[in-house]
Amino acid sequence: MSGKRNISQLDRLLQEIGIKGRVRDSDTMRALTSALIHPARLSESGFLGDDDPLKISARYIIEDFEAVTNGMSRPDSGNSAIVIDEESPLYPWKLLNEAVAAFYEGDTKAMMETVRKIPKYSAVTNLVTTFEVLAGKPPSINENNLFINKIRAKNKTLSQGLELLDEAASYPDLLRGELLFYIREMSQENQEAGKRLYYWAMEVLSEEEALDEKDEMSSVVPGTGEASRICALASMRYDPERALTAWLRSLHSVLEAEEIGPAELNARLKIAGELLNKSEEGNLLSVDIFSKIIAYLTVSFPLIKALLPTIPMLPTDTAGLQQWFTGTAVNLKTTDAGRRPKRKTKRKNISELLLFEELS
């Protein structure tokens, strides 16, 4: 809720209970509590009379806060016109004063006991995190940025390299030229981070031009077929036909290494079928690409057949191949690809290199 909306709602409520004499029931006071962003909005309100308990109580809260923070004697709260019970819109602000006073007195326990009473629907609740930090709770840190900051502090080469790659991202040839060394360096620190750095680079490159087989840096990305799989993931948006060929290269790698079972094979073939469908819908399936698809599958077929004995022989046409893929598993719901999507002009910053869920 914006401050402007809060203020207009507050003025409306004050007009209702002040000038128009609306009953100050629990619901009205709760609404006022939620809308109040500073006690001065009550103490200076033209809708409330000078003898209104809300205005008098608000002036007391402001004076009390000034006294607490300046080390002065706190004002007397014995005035019968000062009414700040749990239904009062000033109750959260009273708790704020008490929490600040406890902090200055070094009584962390009392401070947090007071803070826990602050109504969650009041503006004061936004300060709860601050009090938790004052009580010794470490501030929340973005884990992704924490990792990057640790890397930059620990490894000077990578620190400089991340900046260099960020600049190189605007120039595909330069990025390709610098990437090999820094992925190796990152993988030595953390293999998953190395993969994610590689994905970041491939996604940046895919926004400029189509990836091809030479972009699959298997020598630096650990895991059987991982480089091909990551290139496939990065290509899906703009070049599903190239994503499919990379996906099949990755599939052959895990089949050859015997690192895949029937269930995962079914899933991978289902995804291949989806990519084939997107390629056809986008009119991206050239004769050359289809020939490569058939060639990759022909080499992999004996290994596929060993895991899925009932699978039929490979077809030689696109319609038959689509049926062959989807016949091995439940078909996925497809989204029309339409014409080839326009490539992005705004690249991701390298600080996002740990945010790619597709790698999980």
Side-chain angles (χ1 to χ4, degrees), residues 176 195 198-199 202-203 205-206 209-337 340 358-359:
R176 283 186 172 97
K195 292 180 186 180
Y198 177 60
Y199 178 86
M202 292 302 102
E203 191 179 54
L205 290 174
S206 73
E209 57 192 40
L211 301 180
D212 59 30
E213 196 167 349
K214 72 175 184 294
D215 291 309
E216 296 170 24
M217 302 179 182
S218 302
S219 62
V220 295
V221 179
T224 304
E226 276 298 273
S228 301
R229 187 178 75 92
I230 290 172
C231 279
L233 292 170
S235 296
M236 283 182 177
R237 179 173 180 179
Y238 301 110
D239 307 290
E241 78 287 6
R242 291 179 182 268
L244 177 53
T245 54
W247 190 258
L248 293 177
R249 286 192 290 272
S250 174
L251 175 61
H252 184 76
S253 295
V254 294
L255 283 167
E256 202 169 37
E258 298 182 350
E259 294 179 350
I260 188 172
E264 184 182 344
L265 176 55
N266 266 328
R268 289 212 183 202
L269 289 174
K270 179 169 59 174
I271 292 170
E274 176 74 2
L275 290 171
L276 178 64
N277 188 54
K278 287 184 177 181
S279 300
E280 287 188 290
E281 288 179 343
N283 296 319
L284 304 174
L285 204 61
S286 66
V287 173
D288 179 58
I289 290 290
F290 186 72
S291 296
K292 287 183 179 179
I293 292 169
I294 294 298
Y296 292 142
L297 286 172
T298 299
V299 173
S300 299
F301 184 76
L303 301 174
I304 295 173
K305 185 75 172 176
L307 288 174
L308 302 174
T310 61
I311 195 168
M313 294 299 293
L314 277 170
T316 56
D317 61 285
T318 56
L321 185 58
Q322 180 67 51
Q323 186 177 3
W324 185 83
F325 278 133
T326 57
T328 61
V330 178
N331 194 10
L332 290 173
K333 181 178 179 181
T334 60
T335 302
D336 290 342
R340 182 186 293 275
E358 292 92 336
L359 291 180

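Only heavy atoms go into these numbers, but all of them, side chains included; no hydrogens, no water, no symmetry mates.
Here Met217 contributes atom CE and Ser228 contributes atom OG; the two are 12.5 Å apart, rounded to the nearest 0.5 Å. The CG atom of Leu275 sits 11.0 Å away from the CG atom of Leu285 when rounded to the nearest 0.5 Å. The distance from the CG atom of Leu205 to the SG atom of Cys231 is 8.5 Å, given to the nearest 0.5 Å. With rounding to the nearest 0.5 angstrom, the OG atom of Ser250 is 12.5 Å from the OH atom of Tyr296. Note that CD1 of Ile230 and OH of Tyr198 are 6.5 Å apart. Values are rounded to the nearest 0.5 Å. Rounding to the nearest 0.5 Å gives a distance of 4.0 Å between CG of Leu244 and CD1 of Ile293.
Looking at heavy atoms from C-beta onward, Leu251 lies in side-chain contact with Leu265 at the 4.5 angstrom threshold. No side-chain heavy atom of Phe301 sits under 4.5 Å from any side-chain heavy atom of Thr298. In this structure, the side chains of Leu211 and Asp239 stay at 4.5 Å or more apart for every pair of heavy atoms. In this structure, Leu314 and Ile294 have side chains that are not in contact, with every pair of non-hydrogen atoms separated by 4.5 Å or more. Residues Ser300 and Leu248 form no side-chain contact, since every pair of their non-hydrogen atoms from C-beta on lies 4.5 Å or further apart. For the pair Leu297 and Leu321, the minimum side-chain heavy-atom distance is below 4.5 Å. Counting heavy atoms from C-beta outward, His252 and Leu303 have side chains that approach closer than 4.5 Å. With a 4.5 Å cut-off on side-chain heavy atoms, Ile271 and Phe325 do not count as touching.
The existence of a salt bridge linking Glu209 and Arg176 is confirmed by a sub-4.0 Å separation between a basic side-chain nitrogen and an acidic carboxylate oxygen. A salt bridge between Arg268 and Glu264 is present, with a side-chain N of the basic residue lying under 4.0 Å from a carboxylate O of the acidic one.
Asp215 places a side-chain N or O within 3.5 Å of a backbone atom of Asp212 that can act as its donor or acceptor partner. Listed for the Thr245 side chain is a donor-acceptor partner under 3.5 Å among the backbone atoms of Arg242.
Of all non-hydrogen atoms in Phe290 and Asp317, the two that sit nearest each other are CZ-C, 3.6 Å. In terms of heavy atoms, Gln322 sits closest to Asn277 at OE1-N, 3.4 Å.
Residues forming a salt bridge (Lys or Arg N to Asp or Glu O under 4.0 Å) with Glu258 (at least two apart in sequence, or on another chain): none.
A cation-pi geometry, defined here as NZ or CZ lying under 6.0 Å from the six-membered ring centre and within 45° of its normal, does not hold between Arg229 and Trp247.
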